[in-house]
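Everything numeric in this text was worked out from a predicted model, so none of it was measured. Counting begins at 1 with the first residue of the sequence.
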Amino acid sequence: MSAPFAPADRRDPLHDPGLTGEHWSTDNVGEAAPGVLTPLTWSVWGDYGNRAMCELAYRLGAFSRAERDSDHRWVRIFYGRIALQMEYLALVGDRLPGTSAEEVLTSIFGRVPEGIVSSPTRRRYPVIAARMPIVFAAVPRQIRALARDAESWWRSETPRLGGADQAAATAILAGALERFGHAVTLQSIGLLGVIQPLYDAVAQLVARTGVGELGVLSGSGGAEMAIVGDLWKASRGQLALEQVVANHGFHGPREGELCARVWREDSAPLERLIADYAEQDSLSDPGGMDQESRARRAVMHRELLAALPRARRPAVRVLLSLAADRIPLRGVAKRAFLQSLDVARASARRLGEHLTAQQLIDDPEDVFYLLADELIGELPRDTKELVSVRRERRLEYEALALPGNWKGTPAEQRVDDFGKAAKTSDLEPVSGLGVSGGVVEGTVRVVTDPAFADVEPGEVLVSATTDPSWSSIMFISAALVVDIGSALSHAAVVARELGIPCVVNTRVGTRSLQTGDLVRVDGSAGTVEILLRGPRPVSRPARDAAVSG
């Protein structure tokens, strides 16, 4: 396997730039672990994320064993932000049949960055031809088995940690991280080796025939929709809040960050969401939406098959069946690795309590400024000083902003200056990738608080990225506009499930659009037209205070 995580500078593990000629991006990986990470979180993602990339390419046949086991780091961190080397995607794209570096990079980033050299080769084709069918057949079964095991393990392990001694908490943390590594690897292999090829094949079929809607044909009922369904039941008195937490408590604001407080630890965001769901018309029942989607898909299957020559119908029938069954698996392995992260989170917090009691750290939250190997192995002698230095450096990085992608090491830029660079006073539209059709007009809410404290029903959500917890708020939103993402990003998948327009990969949406703007979102064309610049709405806490006063 690839080399284990070892920061070049242990006093500052959150900045480890690569070579000047390498291209990097926070897209995709930034969706799973957004923002400035804590050292503990980065040590986990930096280790297992890099291993996952190497194992993914190896399992598909694109990498040799030597390439898989090399010490090259495809995943690095810049000013606290996790980034993936874009040459990795180009390399895999050039080696896999049926695609290319240009196609892979364009599908994810909307363009091929200047300076990336494509070197297509068929050298790995025999190995790929042998391995890809095995991956395609075995991985869906492995993902489902992983999900069943992770579900029962998370439910049993998390409550144990409240009274665990230091040795037990350490052992549980080590086990959780190994499970995370397995789950994130399986998620990556499933996405590139099973889900993406099926999605692309259905997209090409729809484009060629002009029949059907990709959002309907790509399946429904994914893991994210279970959150929406349970919140709906809770809003109708059919499910207690405690049961929603028991089912989905590992989700929450910035859930890819270990120090974040998820719903299991703070259920206040869920209570607000349930109240908002209660205001929705009964016709919005997500269960009915899912049934309607399945019925529409059956009709589209028949229409598609009727539009094809009889000789092609058996193969297309198999394709459509596989797509409906396997594309929704996109969020299943992700649910499993989030559950692993949550057990790691609970373990770390318990260890923080023990280390504070022993006066090895000053506060239980200081534990997140240590690295995984320091917690599981031997603590550094200068632990308190190290924590102080790392905390100060992280605060410095939070004041900086990074572009979505860059070459070498990006220049330091203050958040305020970065925002001013893209703000516009005119009505110039914002464009991106349309991933869920439909046209709506609505008021913008730029979401910077992932607890959704200010979000009102019926608004157009504009965000830098999303994670599975966003499914809950997307249900009551008019549309979604995201700075990063692709056709299979979380935002795109859930938007299609919910039938709301969605535009991703805008790059500048959160900086060009302002809360209160009136916009028209076209989820097919991938455009956001600014109809009127508006005043910032009163925040929910301020409004509630005014009403109560």
Keeping to residues at least two apart or across chains, list the salt bridge (Lys or Arg N to Asp or Glu O under 4.0 Å) pairs with something in residues 166-190.
D149-R179
Applying side chain to side chain contact (heavy atoms under 4.5 Å, CB included) to D362 and not counting sequence neighbours gives D366, K384
When you compare the side chains of T38 and T41, does any donor N or O come within less than 3.5 Å of an acceptor on the partner?
yes
Heavy-atom side-chain proximity of R511 to V446 below 4.5 angstrom:
no
cation_pi(R236, W232) dist<6.0 Å, angle<=45:
yes
Under a 3.5 Å distance rule, please check whether D517 uses its side chain to pair with a backbone N or O of G534 as donor and acceptor.
yes
Quick test of your reading: applying salt bridge (Lys or Arg N to Asp or Glu O under 4.0 Å), list the pairs with at least one residue in residues 163-173, sequence neighbours left out, ordered by first then second residue.
none
Does any non-hydrogen side-chain atom of L40 lie less than 4.5 Å from one of L371?
no
Partner residues of I143 under the side chain to side chain contact (heavy atoms under 4.5 Å, CB included) criterion, sequence neighbours left out
V139, L186, L329, V332, A333
Pairing residues for E213 by the salt bridge (Lys or Arg N to Asp or Glu O under 4.0 Å) criterion, not counting sequence neighbours
R296
Does the R330 side chain pair with the main chain of L488, one donor and one acceptor, at a distance under 3.5 Å?
yes
With side chains defined as the heavy atoms from C-beta onward, is the minimum distance between L270 and L231 less than 4.5 Å?
yes
Residues which pass salt bridge (Lys or Arg N to Asp or Glu O under 4.0 Å) with D27, listed by chain and number, not counting sequence neighbours
R507
Do other residues, nucleotides or ligands put more than 12 heavy atoms under 6.0 Å from the CD atom of Q166?
yes
If the condition is side chain to side chain contact (heavy atoms under 4.5 Å, CB included), which residues does V504 pass it with, not counting sequence neighbours?
L433, V435, V482, S489, A491, C502
Who pairs with H15 by ring pair (Phe, Tyr, Trp, His ring centres under 6.0 Å), at least two apart in sequence or on another chain?
Y79
Identify the residue among L513, L531, V440 that makes a side-chain contact (heavy atoms from CB on, under 4.5 Å) with V519.
L513
Using the side-chain hydrogen bond (donor to acceptor under 3.5 Å, both in side chains) criterion, which residues pair with R520? Sequence neighbours excluded.
E441, E529
In chain order, what residues pass the side chain to side chain contact (heavy atoms under 4.5 Å, CB included) check against A83, with sequence neighbours excluded?
W24, T26, F78, W406
Side chain to side chain, S477 and L461, heavy atoms closer than 4.5 Å:
yes
Test ring pair (Phe, Tyr, Trp, His ring centres under 6.0 Å) applied to Y277 - qualifying residues, sequence neighbours left out
F475
How about D230 and H248: does a side-chain donor come under 3.5 Å of a side-chain acceptor?
yes
From CA spacing to verdict: side-chain hydrogen bond (donor to acceptor under 3.5 Å, both in side chains), S471, H251
CA-CA 10 Å; S471 309; H251 286 306; over 6 Å; no
Here's one to test your reading of the geometry: is the NZ or CZ of R391 within 45 degrees of the ring axis of Y369 and under 6.0 Å from its centre?
yes
Knowing that exactly one of R349, R264, R335 qualifies, which makes a salt bridge (charged side-chain N to carboxylate O under 4.0 Å, His left out) with D342?
R264
Do D522 and T527 have a side chain donor and acceptor closer than 3.5 Å?
no
Can you run down the ring pair (Phe, Tyr, Trp, His ring centres under 6.0 Å) pairs that involve residues 326-364, sequence neighbours left out, and say none if there aren't any?
W45-F337, F180-F337
Are R51 and Y48 in a cation-pi setup, meaning NZ or CZ lies under 6.0 angstrom from the ring centre and within 45 degrees of the ring axis?
yes
Does Q359, at its CD atom, have more than 12 non-hydrogen atoms belonging to other residues, nucleotides or ligands within less than 6.0 Å?
no
Would you call R445 and V460 a side-chain contact if the rule is heavy atoms closer than 4.5 Å?
no
